[in-house]
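FYI, side chains are in, hydrogens and waters are out, and symmetry mates aren't considered; it's all heavy atoms of this structure. Order of the sequence lines sets the chain letters (A, B, ...), proteins ahead of strands, with each chain counted from 1.
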Amino acid sequence: MASIKLKLPQAAQNAQEPITHSDGPIVTGTSVLGIKYKDGIMVAADCLASYGSLARFRDVNRLQAFGERTIIGASGDIGDFQYVQDELEKLMIKDFCLADGHELATPHVYSYLHRLLYSRRSEMKPLWNSYVVGGVHSSSSQRFLGYVDLLGTTYQSSTIATGFGAHLAQPLLRKAVEGREDTLTEEEAVKILDDCMRVLFYRDARSLNRIRRAKVTKDGMEVTDPYSLETEWAFAEHIVGYGA
Amino acid sequence: MFRNQYDNDASTWSPQGRLHQVEYAMEAVKQGSAVVGLRSNTHAVLVALKRSPGKLASYQQKLYRVDDHIGVAISGLTSDARVLSNFMRSEAMRSKMLYDRPLPLFRLSSALVAKAQANIQEYGRRPYGVGLLYIGHDETGPHVYEFSPSANTFEYFAMAIGSRSQSARTYLERTFDAFSDAALDDLIKHGLRALRDTLQQDKQLDTLNCSVAYVGKDQAYTMVEGEDLRPFLDALDSDHSGNAAPSSSSQGPAPMETEA
């Protein structure tokens, strides 16, 4: 009798609240931009990790190289990004240790990332990120630029922007890049990305003017040190009517 | 009493340092009909001799497609071959699904070996009683691999396994220098000649007892059987460089293979 009486209330207590820790991101990075240009792929992201509206960490790297010719840019939850970095690093080490002359090229890393994100969303435990994956094939010099997000949605395009950038920068990138992927010089590509990152800094309240930029070409990869974009605020004095 | 107390299971050593059950399993490979694999710098080819249990029966399939870029030929226990070829297919699918990449041949070999090794290292299990020759084309070019029940794989320029395959290997060893630059048709011809050398005196290759498959760069795995083989067999008949039974243009039904 006693044991039965104990069991019933216990079962009732075990009826848990829904799990909420996977409901949304905590510490977040904002937009990542990526474009194709003449020599390869260029991506950019700022160095900020926000905690809600607080600019919590201001020297965070959201661009990560995998192998010689693949770059990944992450927006969304920084902790989930760090987990994905660990998973991909494990994958690359396992692959390297086979030492059979086959290396994971950009499309293969992209596919793996897609499967990882899709399986997690199917478990209702999504990794709360949007990724830009870019790279150049070592022998064929073919360029790859793809997007994959927490739902496992993918697409490939010559311009990609995540987060707020998808609304503010994507139209600008398309206008500047589409149809000119094979003629844009490195200098032009840098200017396009810098200009778009500047627009984002003006309009996106979770962004920073301190950014990193990476390029991947057939000769390899270069990631810049963080640098600051020039901004102009003189016009701000004349803005009225927003409660200021 | 026991004639040999060291062959009761696959994981017991004999004092001479041998695993008898594993060696018996390798004998099973020699009971199957012969298959030949060979490659050039651009293509890989499988050629197999099919057996039929009797005049009223069909011929047992020897070649299996694993993926668009991999195919396998079997010699030995067909039922074990079914298990292994299904495994190969699922590995190939996994690679496609997870990495969007055709499975590299070396990785298929690693997976096969790991699976077969568990069978001869764990108590209460038995080795596979089948040998495989598998061909494929990946980023590192065309390949021919042999898998044996001892959980070994080797890569070859050319190889033959199965009954009376020593004659085919002799042919291949004599001629493989010419393979690397050979055209696909010539490669197939070499394969058929090697296979012809394994036949008993009164037998010959025909459209019923023969299977050919090839794969290459920008050439998906393709199997040739039945009447489609006629051009290849005719080309074989018209040359007399082989040392097998005298070729004949008459394509009557082949005498049945009676060897077990």
Side-chain angles (χ1 to χ4, degrees), chain A residues 66-70 72 84 87-123 127 131-148 152-157 218, chain B residues 39-42 44 66-70 87-117 132 134-147 151-157 180 215-219 221:
Chain A
F66 289 99
E68 307 270 301
R69 284 181 189 78
T70 302
I72 291 178
V84 166
E87 288 298 303
L88 290 179
E89 195 59 43
K90 266 192 276 181
L91 176 73
M92 298 306 283
I93 290 170
K94 219 176 80 182
D95 200 69
F96 174 81
C97 289
L98 282 168
D100 58 357
H102 295 276
E103 61 175 283
L104 288 166
T106 311
H108 309 142
V109 176
Y110 179 63
S111 172
Y112 185 85
L113 188 57
H114 165 44
R115 290 301 163 191
L116 178 63
L117 291 171
Y118 182 69
S119 80
R120 285 294 298 263
R121 85 101 219 201
S122 300
E123 289 174 41
L127 294 164
Y131 289 96
V132 175
V133 181
V136 175
H137 195 271
S138 55
S139 51
S140 73
S141 293
Q142 210 171 16
R143 294 166 297 179
F144 182 97
L145 186 63
Y147 165 96
V148 56
T153 309
T154 60
Y155 66 88
Q156 293 165 49
S157 173
K218 64 176 172 24
Chain B
R39 73 166 174 87
S40 67
N41 288 335
T42 54
V66 173
D67 200 342
D68 272 341
H69 69 301
I70 299 177
F87 173 73
M88 293 165 86
R89 283 174 177 172
S90 67
E91 284 295 300
M93 276 174 64
R94 206 168 66 86
S95 181
K96 256 189 193 168
M97 176 81 174
L98 196 52
Y99 303 108
D100 188 24
R101 167 173 72 177
L103 179 62
L105 272 279
F106 182 87
R107 309 227 168 158
L108 176 60
S109 295
S110 306
L112 269 176
V113 162
K115 187 173 166 65
Q117 174 63 11
L132 310 175
Y134 47 102
I135 59 168
H137 188 281
D138 60 25
E139 280 191 328
T140 55
H143 301 278
V144 175
Y145 278 93
E146 179 204 2
F147 163 87
N152 278 116
T153 61
F154 298 101
E155 186 172 8
Y156 290 95
F157 290 108
S180 57
V215 66
K217 186 171 163 52
D218 304 319
Q219 170 65 65
Y221 178 80

Residues 104-113 of chain B vs chain A, non-hydrogen distance cutoff under 4.5 Å, contacting residues -> B:P104, B:F106, B:R107

Sorted by chain and number, sequence neighbours left out, side-chain hydrogen bond (donor to acceptor under 3.5 Å, both in side chains) with A:H108 holds for none

Heavy atoms of B:H143 and B:D138 approach each other most closely as NE2-OD1, 3.1 Å

Quiz item: Are A:R115 and A:Y118 close enough that a side-chain donor and a side-chain acceptor fall under 3.5 Å?
Solution: no

If one checks every heavy atom of A:L116 against chain B at 4.5 Å, the contacting part turns out to be neither

Taking only distance into account, with no hydrogens and no angle test, what donor-acceptor pairs under 3.5 Å do side-chain atoms of residues 90-103 of chain B form with protein atoms, sequence neighbours excluded?
{"from": "B:S90", "atom 1": "OG", "to": "B:F87", "atom 2": "O", "distance (Å)": "2.9"}
{"from": "B:S95", "atom 1": "OG", "to": "B:R101", "atom 2": "O", "distance (Å)": "2.7"}
{"from": "B:K96", "atom 1": "NZ", "to": "B:D67", "atom 2": "OD1", "distance (Å)": "3.0"}

All heavy atoms of B:Y145 vs all of B:E155, minimum pair found to be OH-OE1, 3.5 Å

Residues B:P142 and B:S40: closest non-hydrogen pair is CG-O, 3.3 Å

Listed by number, the residues in residues 136-146 of chain A that come under 4.5 Å of chain B (heavy atom to heavy atom) are A:H137

Under 4.5 Å between any side-chain heavy atoms of B:R39 and B:F157, yes or no?
-> yes

Practice problem: Verify the neighbour count for atom OH of B:Y156: are there more than 12 heavy atoms of other residues, nucleotides or ligands below 6.0 Å? | Solution: yes

Here the pair of heavy atoms bringing B:D68 nearest to B:V215 is O-CG2, 4.1 Å

Check whether any side-chain heavy atom of A:E103 sits under 4.5 Å from a side-chain heavy atom of A:F96, and report yes or no. no

